[in-house]
Amino acid sequence: MDYKKLADLLFPDVKYTKEDLEKKYPPRNLKPGAIVTRFAPSPTGFLHIGSVFTCLVANNIAKKSDGVFILRIEDTDQTRKVENGVKNIIQGLNRYDIKFDEGVDEEGNDYGDYGTYTQSQRKDIYMAMAKYLVSEGKAYPCFCDDETAERDKAIQEANKELTGYYGSYAHCRDLTLEEVEANLKQGKKFAIRLKCNSSADHKIVMEDAIRGTLKLSDNFNDVVILKRDFLPPYNFAHACDDHFMRVNLVLRGDEYIPSIAEHLQIFDALGFERIKYAHIAPIQKMEGASKRKISKRKDPEANVTFYLEEGYPVESVKEYLYTVANSNFEDWRKNNPDLTCDNFVVTADKMSKSGALFDLPKLNDVSKNIISTFDAQKVYDLCLAWAELYDKSFAKILKDNKDYAIKVFSIERGTAKPRKDIAKWNETKSAFGYFFKELFAPKSLEDYAYNLEKFDKETIKKIVDKYVGVYDNEPDNQTWFAKIKTLGTEFGFADDMKAYKANPEAYKGHYGDVASMLRVAITGKANTPDLYQICTLLGKDEVVSRLKLASELLK
RNA sequence: GCUUCCUUCGUCUAGUGGCCUAGGACGCUGGCCUCUCACGCCGGAAACAUGGGUUCGAGUCCCGUAGGAAGUACCA
């Protein structure tokens with residue numbers, strides 16, 4: 001069979017030869033050890049938290065090795081394309097400080113020397129390489145239609161045979177030149193399949209950067225490398241693109257592990273040097289008693305917009321993702337409390353082989369720590385930015401009371417032991433809302449967090465009433481506290497903790513209990529920062545009027 | 001069904017044949033500190049899926065079983 005002739009017949013006008021392309025996209029001149037990798041999303045517009053995770057890792061590995069990080073758009077499945085899909089993905093990633101060295105910008109324009117970076121525009125390359133394979137006798141045109149494929153699959157299933165296009169089911173594998181010509185004349189469309197020379201019982205061994213040695217069954221299928229629309233499926237695009245973009249580490253989800261054998265066959269047929277792989281386990285989620293991949297349909301937290309809406313700072317999400325990526329991150333953090341998390345160096349072989357469960361409580365803990373390191377101005381700015389998108393009325397209050405709000409956020413901040421009371425901005429209102437007159441409006445006893453099991457409301461009312469009479473703008477914390485202690489003793493509360501602990505029966509409670517009652521009376525809440533500072537900020541008039549209101553509602 | 005991967009406290013994990021009486025973090029919990037709430041500090045409960053090997057010795061190596069996950073497309 002004259003394969004050259006066949007190739008020319010199939011692809012009469014192809015722009016490049018393999019040599020042209022090798023020359024056009026020469027090996028990169030990078031320092032040894034530099035990693036060239038890429039993120040290759042479909043432009044569906046949906047940014048999955050797992051994608052951010054993978055990207056964060058890929059970006060880190062590329063940048064730390066003085067390598068290159070590429071954004072490639074995989075849009076060969078034209079049916080899944082979405083308006084603004086690329087833009088949404090880029091913007092989403094930018095928020096997490098993920099920037100590409102080469103790729104496509106928000107408008108869809110290329111930058112970098114190894115483009116174009118949009119697969120649907122790389123048709124010439126795929127066709128050239130497909131033609132090359134045909135001319136080498138390594139690939140052939142397949143004229144089978146979908147019905148044939150379905151029928152064969154049904155037969156194979158009924159016979160309990162392996163499903164696929166192989167052996168006697170590879171109808172077009174041995175077509176003669178004349179038969180191909182005849183089909184072409186009839187206007188029959190064709191796809192290109194790779195001639196496979198292996199079988200399922202042949203095992204292959206490969207080294208994965210995360211998994212270590214992987215033993216897999218070889219591919220036995222004559223896989224499609226060019227679809228009827230002459231666009232490649234993932235497998236062929238992956239080989240051509242990653243080779244000609246001179247990628248040297250493929251980081252991708254572990255759902256690709258079963259198709260590694262197929263990919264390796266394609267690389268070999270093409271005469272490309274094999275590339276290193278790192279297969280990342282997906283982030284999982286608990287459903288009932290079993291784990292499953294976090295799903296874009298069922299789980300709101302799969303979408304990055306979830307973190308935006310809840311008001312998690314990007315630093316928090318990144319910090320958390322790094323803890324999932326490499327467990328030694330937390331040790332690193334302990335030793336480098338002041339560095340930003342992007343200074344950490346991710347190592348592929350320290351990544352987990354099994355999928356990590358997304359742990360929201362852990363994220364919250366991480367986030368509380370992160371926010372506790374922010375200064376008041378930053379808290380204000382970020383909280384306001386969040387509120388302007390998701391809580392307009394709160395945003396207005398923050399803007400109308402800017403200086404006051406910053407004072408509120410300053411309480412016990414910037415100290416050696418900063419407060420850790422918020423994990424995300426949507427908690428700010430409930431944590432600090434009572435500072436603002438607009439947001440403090442208790443209507444009944446239920447709006448107060450009194451511990452009525454410990455103390456009855458008559459006791460509380462007596463104390464509140466008494467305090468209204470004695471409260472003043474105290475000059476300092478000590479004076480303020482002394483007053484509370486003295487007041488407590490009048491009602492049988494201890495003013496000395498040790499004395500109380502030594503003999504709790506002798507007292508009704510201790511000064512802490514008194515402070516707690518007043519705290520609730522003034523703020524409505526049981527957990528707040530230093531009450532003295534709160535009262536100072538609120539001012540005497542407001543404190544007194546709140547105490548009176550509390551007294552009223554305690555009746 | 002077939003193929004492949006994975007399996008250590010509730011969760012994330014450390015662990016590369018003796019340092020493991022299995023370490024850390026989150027969560028839960030007891031206490032201490034304290035000028036109130038927190039923070040912080042100290043402590044506690046809590047795990048090697050299972051059965052066989054190999055070995056003087058196994059969480060670690062091998063085989064089987066179970067469970068979970070993924071793939072099985074002219075999707076990616």
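Reckoned from all heavy atoms, side chains included, excluding hydrogens, waters and symmetry mates. Chain letters run A, B, ... following the sequence lines, proteins first, then strands; residues in each count from 1. All of these numbers come straight from a predicted model, not from anything done at the bench.
- Ala526(A) comes within 4.0 angstrom of the backbone, heavy atoms only, and of no base.
- Atom CD1 in Ile280(A) sits about 16 Å away from atom P in G71(B), given to the nearest Å.
- Under 4.0 Å is where a charged nitrogen must lie from a carboxylate oxygen, and between Glu412(A) and Lys417(A) no such pair does.
- G40(B) and G23(B) are spaced 23 Å apart, taking the C1' atom of each and rounding to whole Å.
- Relative orientation of the Tyr532(A) and Trp480(A) rings is tilted, given thresholds of 30° and 60° on the angle between their planes.
- Distance from the side chain of Lys227(A) is smallest to C75(B) among C37(B), C75(B), A73(B).
- Taking atom P on both U7(B) and G53(B), the two are 24 Å apart, rounded to the nearest angstrom.
- Considering only side-chain atoms of Ser259(A), the nucleotide from C35(B), A76(B), U13(B) that sits closest is A76(B).
- Residue contacts for Pro233(A): at a heavy-atom cut-off of 4.0 Å it reaches the sugar-phosphate backbone alone, with no base atom in range.
- A gap of 15 Å separates the P atoms of C42(B) and C33(B), to the nearest Å.
- Lys525(A) comes within contact range of no nucleotide atom at all, as no heavy-atom separation falls under 4.0 Å.
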TODO: Start with the C-alpha gap between Ile260(A) and Tyr256(A), add the side-chain angles, then the distance that decides, and say whether side-chain contact (heavy atoms from CB on, under 4.5 Å) holds.
DONE: CA-CA 7 Å; Ile260(A) 290 173; Tyr256(A) 289 101; 5.7 Å; no

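- Ion pairing of Arg151(A) with Asp145(A) is absent here, as no side-chain N (NZ or NE/NH1/NH2) approaches a carboxylate O to less than 4.0 Å.
- With a 3.5 Å ceiling on both atom-pair distances, the Watson-Crick or G-U wobble partner of G43(B) is U29(B).
- Nearest-nucleotide positions on RNA chain B place Lys420(A) closer to the 5' end than the other of Lys420(A) and Leu226(A).
- Taking the syn range as angles within 90° of 0, the glycosidic angle of C32(B) is outside it, so the base is anti.
- Annotation: cation-pi geometry not satisfied between Arg252(A) and Tyr277(A) (NZ/CZ under 6.0 angstrom from ring centroid, within 45° of ring axis).
- Counting only N and O atoms by type, the side chains of Asn221(A) and Glu262(A) include no donor and acceptor under 3.5 Å apart.
- The side chain of Thr76(A) sits closest to A76(B) out of A14(B), A76(B), C37(B).
- Aromatic rings of Phe220(A) and Tyr166(A) (six-membered ring for Trp) have centroids within the 6.0 Å cut-off, being under it.
- Rounded to whole Å, atom C1' of C39(B) lies 16 Å from atom CD1 of Ile371(A).
- Aromatic ring pairs are classed by plane angle as parallel below 30°, tilted from 30° to 60° and perpendicular above 60°; the pair Phe190(A) and Phe11(A) is perpendicular.
- Heavy atoms of Glu412(A) sit under 4.0 angstrom from at least one base atom.
- Close to G24(B), at under 4.0 Å from its OP1 or OP2, lies no side-chain N or O of Lys334(A).
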What N/O pairs connect the protein and nucleotides 44-50 of chain B at under 3.5 Å? Give each pair on its own line.
none

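- Distance check on atom C1': C6(B) versus G24(B) gives 23 Å, rounded to whole Å.
- Ring pair Phe493(A)/Tyr500(A): centre-to-centre distance not below 6.0 Å.
- Mapping Lys485(A) and Lys417(A) onto RNA chain B via the closest heavy atom, the residue that lands nearer the 5' end is Lys485(A).
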Can you pull every protein N or O that's under 3.5 Å from an N or O on nucleotides 4-8 of chain B?
unit_1, atom_1, unit_2, atom_2, d
U4(B), OP1, Lys203(A), NZ, 2.7
U4(B), OP1, Ser217(A), OG, 3.4
U4(B), O3', Lys215(A), O, 3.2
C5(B), OP1, Lys215(A), O, 3.1
C5(B), O2', Arg211(A), NH1, 2.4

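- With U36(B), A76(B), C39(B) as the choices, the nucleotide that has an atom nearest any side-chain atom of Ser516(A) turns out to be U36(B).
- Pairing partner, C20(B): none, since no Watson-Crick or wobble contact has both distances short of 3.5 Å.
- Pair check for A14(B) finds none; no Watson-Crick or G-U wobble contact set falls under 3.5 Å.
- In this structure, CZ of Phe493(A) is placed 19 Å from P of C35(B), rounded to the nearest angstrom.
- Nucleotides C9(B) and C20(B) have their C1' atoms positioned 15 Å apart, rounded to a whole Å.
- Across all strands shown, Asn477(A) has heavy atoms under 4.0 Å from base atoms, whether or not it also approaches the sugar-phosphate.
- Among the protein residues, Asp530(A) comes within range of the nucleic acid bases, having at least one heavy atom under 4.0 Å from a base atom.
- When rounded to the nearest whole Å, the span between CG of Asp421(A) and P of U36(B) equals 17 Å.
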- [ ] Applying salt bridge (Lys or Arg N to Asp or Glu O under 4.0 Å), run through Lys368(A) and Asp421(A) and close with a yes or a no.
- [x] CA-CA 7 Å; Lys368(A) 276 183 185 174; Asp421(A) 28 24; over 6 Å; no

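- Salt bridge status for Arg546(A) with Glu542(A): present, with a side-chain N to carboxylate O gap under 4.0 Å.
- For Arg228(A) against C74(B), a side-chain N or O and a base N or O form a donor-acceptor pair under 3.5 Å.
- Residue Pro41(A) is classed as having no contact, given no heavy-atom separation below 4.0 Å to the nucleic acid.
- If you take atom C1' in A69(B) and the same atom in A22(B), they sit 27 Å apart, rounded to whole Å.
- A distance of about 32 Å separates the P atoms of G52(B) and A70(B), rounded to the whole Å.
- Among the heavy atoms of the strands, none lies under 4.0 Å from Ser372(A).
- When both distances must be under 3.5 Å, the Watson-Crick or G-U wobble mate of C9(B) does not exist.
- Taking the six-membered ring for Trp and thresholds of 30 and 60 degrees, Tyr169(A) and His171(A) have ring planes more than 60 degrees apart, a perpendicular arrangement.
- Here C12(B) presents its C1' atom at 14 Å from CG of Leu360(A), a figure rounded to the nearest Å.
- Rounded to an integer number of Å, the gap from CG of Asp359(A) to P of U11(B) is 10 Å.
- Using a cut-off of 4.0 Å between Lys/Arg side-chain N and Asp/Glu carboxylate O, Glu74(A) and Arg72(A) are scored as salt-bridged.
- Distances shorter than 4.0 Å separate none of the side-chain N or O atoms of Tyr234(A) from OP1 or OP2 on C75(B).
- Nucleic acid contact class of Tyr532(A) (heavy atoms, under 4.0 Å, all strands): none.
- In this structure, CZ of Arg519(A) is placed 15 Å from P of C35(B), rounded to the nearest angstrom.
- A donor N or O paired with an acceptor N or O is not found under 3.5 Å between the base of C74(B) and the side-chain atoms of Arg193(A).
- Between Glu474(A) and Lys540(A) there is no salt bridge, since none of the side-chain N atoms of the basic residue sits less than 4.0 Å from a carboxylate O of the acidic one.
- In this structure, U3(B) forms a base pair with A70(B), meeting either the Watson-Crick or the G-U wobble geometry with both donor-acceptor distances under 3.5 Å.
- Separation of the C1' atoms belonging to C74(B) and C12(B) is 41 Å when rounded to the nearest angstrom.
- Base-pair partner of G57(B): not found among the strands shown (Watson-Crick or G-U wobble, both distances under 3.5 Å).
- Across U13(B), U11(B), U36(B), the shortest atom-to-atom separation from the side chain of Ser327(A) is found for U13(B).
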